[in-house]
Each structure stands twice: as C-alpha cells, then as structure tokens.
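So that the names make sense, note that chain A is the first sequence line, chain B the second, and so on, each numbered from 1.
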Amino acid sequence: MSSTSSPNDWFALVDVNNFYVSCERLFRPDLNNVPVVVLSNNDGCVIARSQEAKNLNFSMGDIFHQVQDKIRETGTKVFSSNYPLYGSLSSRTVKVYQQFTNRVEVYSIDESFLLLRGSSDEIISLGRDIKNRVLRDVGLPVCVGIARTKTLAKIANRIAKKHAEHAGVFLLEENDQEQLKTIENEDIWGISRRLTPKLQELGIYNALELSLADPKRMRSKFSVVMERMIYELKGQSCLELEEVIPTKKGIMVSRGFGQGQEHYIRVQEAVAEYASRAAEKMRKQNLSVNRLTVFLRTSPHGKDQTYYSNSFSINFPEASYDTALIIKCAFYCLKKIFRSGLKYQKAGVFLDGLVDSGSTQQDFFFKPVPEKSQKLMSMLDELNKKHGRDTVHFASCGVERKHKMKQRLLSPRYTTCWDDRPVVF
DNA sequence: TCTGGGGTCCTAGGACCC
DNA sequence: TCTGGGGTCCTAGGACCC
C-alpha cells in the first residue's frame with residue numbers, strides 16, 4: 001500500500017504561486033504590486049489572479065465582460081492566456097526540481113510532487129533550498145508542502161501558502177490535529193463542492209473529522225476513492241509517485257468559437273482544424289486512433305434558442321494516424337449531428353482507443369498504410385514544427401478561420417519565439 | 001460582447017457467455 | 001420452456017483534477 005515505507009521518505013508538493021500571473025510578471029517587472037488577471041482561452045473568464053487582484057475580490061471564473069468596469073476602475077492589468085510561455089517556464093522549474101531529486105512527478109503545468117528522503121529538519125531545510133533555487137534560477141515564486149502522503153502534502157502546501165509565518169515551506173505531521181481541523185472538506189484534494197454537503201450530512205466538516213471516519217464504511221457509502229483519501233489523511237500512503245508519463249488514453253481538441261456560428265461550412269472548418277490538431281498531437285506520441293467522436297453544442301446560456309448538444313462516434317476498421325482520413329471521418333460524424341438554424345458555440349474532436357503505431361493490430365484485410373501517406377504526414381509535421389504551427393494545413397480547415405478564438409490581450413512569446421524575445425536597453 | 005480546454009478514474013448497468 | 005449463479009466486456013455518465 002505504501003510507497004513511502006521508510007520513515008525518512010516524504011512527499012513534497014511544489015507549486016508556483018499564481019502561476020500564470022507570475023509568468024506574465026517575469027518579463028514585466030512593472031506589474032509587480034499591481035493587480036493582474038489572466039483570462040481563459042477565449043477571453044471568456046478569469047482563470048488566474050495576482051494577490052492584489054484576489055484582494056480586490058476578483059474570483060476564478062468571473063465573466064470578463066461583467067468585470068470590465070471594475071478592471072478599469074481598479075487599474076487591473078489583463079492578459080489572454082499564453083500557453084507557449086507558461087509551458088516553457090514550467091519545464092524550467094521542473095529542471096530545477098530534478099537537481100534535488102530524481103523522483104519527480106510533474107502533476108500539472110504548475111505543480112510537481114517530489115519524493116525526498118531525510119529527517120524532518122533536513123527536509124524542511126531542503127524545501128527552503130528548492131524554493132530559493134527556483135526563485136534564483138527561473139525567477140518564479142513557489143511554495144513547498146511536505147508530508148507523508150500526497151493528500152497531506154497538498155494540505156501542507158495550502159498552509160504554506162496561506163500563512164506568511166511559514167515563509168512558503170511547511171511540513172505537516174499526520175497527527176497535527178490542530179492544522180487538520182482548519183481544512184474544510186472542499187479544500188481537501190479529491191473532494192469538491194458536490195461531495196461536501198454529503199459529508200456534512202454525516203457530521204464531517206473538516207479534514208480531521210474525515211481522517212477519523214471508518215474507511216470501509218465510507219467506501220460503501222461513496223467509493224474506493226473516498227476510502228483511499230481517508231487512509232491518506234491518516235498518513236498511510238495509497239497514492240504513489242507517478243514518474244513515468246502514462247500514454248494518453250484519449251486526445252481531445254475542443255474550443256469555443258469566438259462568435260456563435262450558424263453556417264455548416266464554418267463549423268466544418270473548425271472541426272477540420274480540431275481533427276488535424278488532434279491527429280498531430282497523436283502522431284507526436286507515435287499513436288494511432290481506433291475511434292473518433294465529434295461533439296457540437298449551442299450556448300447553454302443563450303436566451304434566444306433552446307440548448308442543443310449532441311455527439312456522434314465511429315470506429316475505424318483499423319487504427320490510423322492519417323490526418324486526411326481522420327478529417328473525413330470527422331465530417332461524417334458532424335453531418336450526423338449538425339442541425340441547421342442553430343447558432344453553435346462550441347465543437348470538439350475526441351480521439352479514443354489509442355494504440356502504439358508500431359504495433360497496431362491489423363485485421364484480415366490489412367493493407368499497409370500507404371507509403372505516400374506516411375511520407376506526407378511526416379512532412380506535414382516536420383514543416384509545422386520547423387516553421388510554426390499551421391504553416392501547412394489541409395484546405396478543409398479554411399482560410400478565414402471565422403471560428404477563431406479571441407485572444408486580444410496576448411503577451412509576447414518571450415521564451416519560445418525569437419521575434420518576441422525581450423529586449424534589454 | 002455573453003461562462004476554458006483539457007484530462008483521469010470509478011461505477012452501474014446491459015449484453016453476452018457458460 | 002424456465003431458472004440461476006457467476007463471469008467478462010463494453011459503454012455511458014458522474015465526479016474529480018488542473
């Protein structure tokens with residue numbers, strides 16, 4: 001059950017404070033001490049906030065156009081999200097963690113679990129070293145939470161971040177009842193708003209009370225996930241460090257349209273683009289697809305029309321990685337679910353049943369992937385890699401791209417594009 | 001002007017088999 | 001014709017994560 005069997009083994013959760021905002025500030029020191037927010041992909045809502053913006057009561061998910069007045073009045077700076085920048089800074093932080101331990105799990109773009117070994121005093125000091133080194137070498141502020149299990153390390157990180165007296169590094173002992181009592185249900189990793197009231201019905205209001213619940217009984221009431229969570233809160237590790245990135249089980253590309261789209265041809269262009277992006281992502285991992293789903297929906301918030309949402313899937317007779325075929329199948333699915341007279345707000349393509357391209361199972365009528373198609377796909381990927389995404393694309397993806405996302409407030413790609421690199425005078 | 005874009009795991013239930 | 005237990009596989013949907 002336990003991957004931290006040694007009493008000297010600890011999980012550390014390191015995460016970057018206000019990650020997207022900190023990335024924007026890195027190249028714009030004038031934004032320090034100024035409220036800053038970063039918007040979602042479509043400039044739809046707020047997804048990251050600086051401390052100053054939090055103090056002004058900007059919330060996650062605030063609708064951009066609804067808070068625009070407040071943004072103006074308070075002098076808050078706004079950015080569209082800039083994933084190439086965040087991705088490149090994220091890998092720099094991971095390189096720093098790897099200087100301290102080779103047991104690193106990259107959990108998300110701004111969080112990593114590290115497995116560290118030592119006495120609690122040594123580990124706290126190591127945590128401080130990590131924090132200082134990331135600040136020095138990458139320029140980003142992090143907090144470090146340390147404990148016996150991943151779930152407790154998450155809580156420790158929260159405490160480190162919330163209480164300034166810990167200076168960003170906190171080690172949580174599993175029997176620290178005083179601290180566990182301060183953590184409400186919905187702030188426990190794995191429990192969100194929907195489970196919270198169900199726990200309250202059982203008289204459980206915080207992490208301490210949950211840690212004292214009977215795991216087996218809770219498993220029958222909820223699921224094995226809840227059982228594991230309780231063991232983790234008790235200090236018995238059930239969730240191991242996942243160092244090897246598992247191969248993807250599905251690849252999704254979906255996006256809201258900048259504006260509602262009524263015309264079939266516009267939606268079709270979007271679907272072609274998503275299908276070809278998905279195929280590209282898939283080839284990068286040397287995978288082939290067996291099943292494809294297209295989904296489509298109108299705005300769930302539209303007042304002038306009823307909500308429509310539908311999807312259609314098809315199975316391939318044999319696994320493929322050919323963009324042309326994948327687009328063709330996506331169009332077939334789209335035709336099945338497209339209803340005219342509606343204003344669509346979002347569509348997506350999902351590739352499923354992924355298998356290694358080297359070992360695809362071939363059926364009785366197996367025809368090897370034509371060499372021509374293989375060559376074409378490699379050339380396509382190579383050109384787009386070398387000269388930038390979309391240098392070459394299928395005509396069906398369209399030229400005007402009316403469905404394109406809004407990204408009006410994008411910062412430069414400081415770290416991934418030569419033309420955008422910062423200039424020092 | 002009008003609410004992100006990805007993912008994972010688990011469970012229940014149906015279909016089918018012996 | 002009916003009954004039953006037990007097993008597997010698949011899919012849809014829920015809940016959660018960032």
Side-chain angles (χ1 to χ4, degrees), chain A residues 13 15-16 18-20 37-48 59-69 71 79-83 86-87 90 105-113 150-151 154 157 185-199 219-229 238-239 242 245-260 270 274 277-278 281-282 285 290-291 293 295 297-305 307 309-313 315 343-354 405-409:
Chain A
L13 177 67
D15 86 333
V16 183
N18 312 325
F19 181 56
Y20 296 171
V37 299
V38 176
L39 303 176
S40 63
N41 253 322
N42 225 359
D43 291 350
C45 60
V46 171
I47 56 167
S59 302
M60 287 291 275
D62 274 352
I63 312 305
F64 178 42
H65 72 93
Q66 286 177 0
V67 292
Q68 250 175 344
D69 286 346
I71 285 172
F79 291 91
S80 300
S81 37
N82 184 343
Y83 287 99
Y86 310 151
S90 172
E105 171 186 340
V106 180
Y107 178 68
S108 74
I109 194 162
D110 68 329
E111 289 178 48
S112 290
F113 284 103
K150 284 179 157 185
T151 305
K154 277 283 224 181
N157 182 281
N185 290 341
E186 63 191 69
D187 296 328
I188 302 170
W189 190 40
I191 294 182
S192 84
R193 258 181 245 124
R194 282 190 209 169
L195 274 176
T196 295
K198 290 180 192 162
L199 287 173
R219 177 181 181 149
S220 67
K221 277 201 185 316
F222 296 89
S223 76
V224 65
V225 181
M226 179 65 82
E227 182 190 19
R228 281 202 289 251
M229 207 172 332
C238 304
L239 303 170
E242 290 170 32
I245 299 166
T247 42
K248 291 258 178 293
K249 300 194 169 138
I251 289 173
M252 162 108 82
V253 176
S254 83
R255 236 144 259 158
F257 305 142
Q259 307 157 351
Y274 305 160
R277 275 288 299 139
K281 280 193 195 178
M282 184 177 69
Q285 300 173 63
N290 274 302
R291 181 184 157 87
T293 303
F295 68 87
R297 64 163 212 222
T298 61
S299 168
H301 313 284
K303 292 175 188 82
D304 47 345
Q305 68 175 10
Y307 179 55
S309 167
N310 207 348
S311 71
F312 194 85
S313 307
N315 292 304
K343 214 174 210 176
Y344 294 100
Q345 180 255 341
K346 185 173 187 171
V349 173
F350 185 60
L351 305 182
D352 208 0
L354 300 177
M405 290 191 297
K406 287 182 279 196
Q407 278 194 316
R408 287 174 300 185
L409 306 156

| request: Would you indicate, yes or no, if C/dC16 has its OP1 or OP2 atom less than 4.0 angstrom from a side-chain nitrogen or oxygen of A/Arg193? | output: no
| query | Does the ring centre of A/Phe350 sit less than 6.0 Å away from the ring centre of A/Tyr274? | reply | no
| request: State whether A/Lys346 places a side-chain N or O below 4.0 Å from either non-bridging phosphate oxygen (OP1 or OP2) of B/dG4. | output: no
| request: Five pairs at each end of the helix from B/dG5-C/dC18 to B/dC18-C/dG5: take the axis at both ends and give me the angle between them to 10°. | output: 10°
| request: May I ask you to evaluate whether A/Arg194 reaches the phosphate of C/dA15, defined as a side-chain N or O under 4.0 Å from OP1 or OP2? | output: yes
| field | Under 4.0 Å protein heavy-atom contact, by nucleotide of nucleotides 7-13 of chain C - B base, S sugar-phosphate only | value | -----S-
| Within a strict 4.5 Å, meaning less than it, do heavy atoms of the A/Met226 and A/Arg219 side chains meet? | no
| message | Please determine whether a side-chain nitrogen or oxygen atom of A/Ser254 lies at a distance below 4.0 Å from atom OP1 or OP2 of B/dG5. | response | no
| field | A/Val106 versus A/Ser112, closest heavy-atom pair with distance | value | CA-OG, 3.7 Å
| What residues, two or more places apart in sequence or in another chain, satisfy side chain to side chain contact (heavy atoms under 4.5 Å, CB included) together with A/Asn18? | A/Val21, A/Ser22, A/Lys54
| query | Using the ring of each side chain (for Trp, its six-membered ring), is A/Tyr86 parallel, tilted or perpendicular to A/Tyr20, with breaks at 30° and 60°? | reply | parallel
| Is A/Lys343 near enough to B/dC2 that one of its side-chain N or O atoms lies under 4.0 angstrom from OP1 or OP2? | no
| task | Begin with the C-alpha distance, continue with both residues' side-chain angles, and end with the deciding distance and a verdict on side chain to side chain contact (heavy atoms under 4.5 Å, CB included) for A/Lys154 and A/Lys150. | result | CA-CA 6 Å; A/Lys154 277 283 224 181; A/Lys150 284 179 157 185; 5.9 Å; no
| Position toward the 5' end of DNA chain B (nearest nucleotide), A/Gly44 or A/Phe350 | A/Gly44
| field | Closest non-hydrogen atom pair between A/Ser254 and A/Phe295, with its separation | value | CB-CZ, 3.6 Å
| task | Answer whether the closest heavy-atom distance between the side chains of A/Lys198 and A/Lys221 falls below 4.5 Å. | result | no
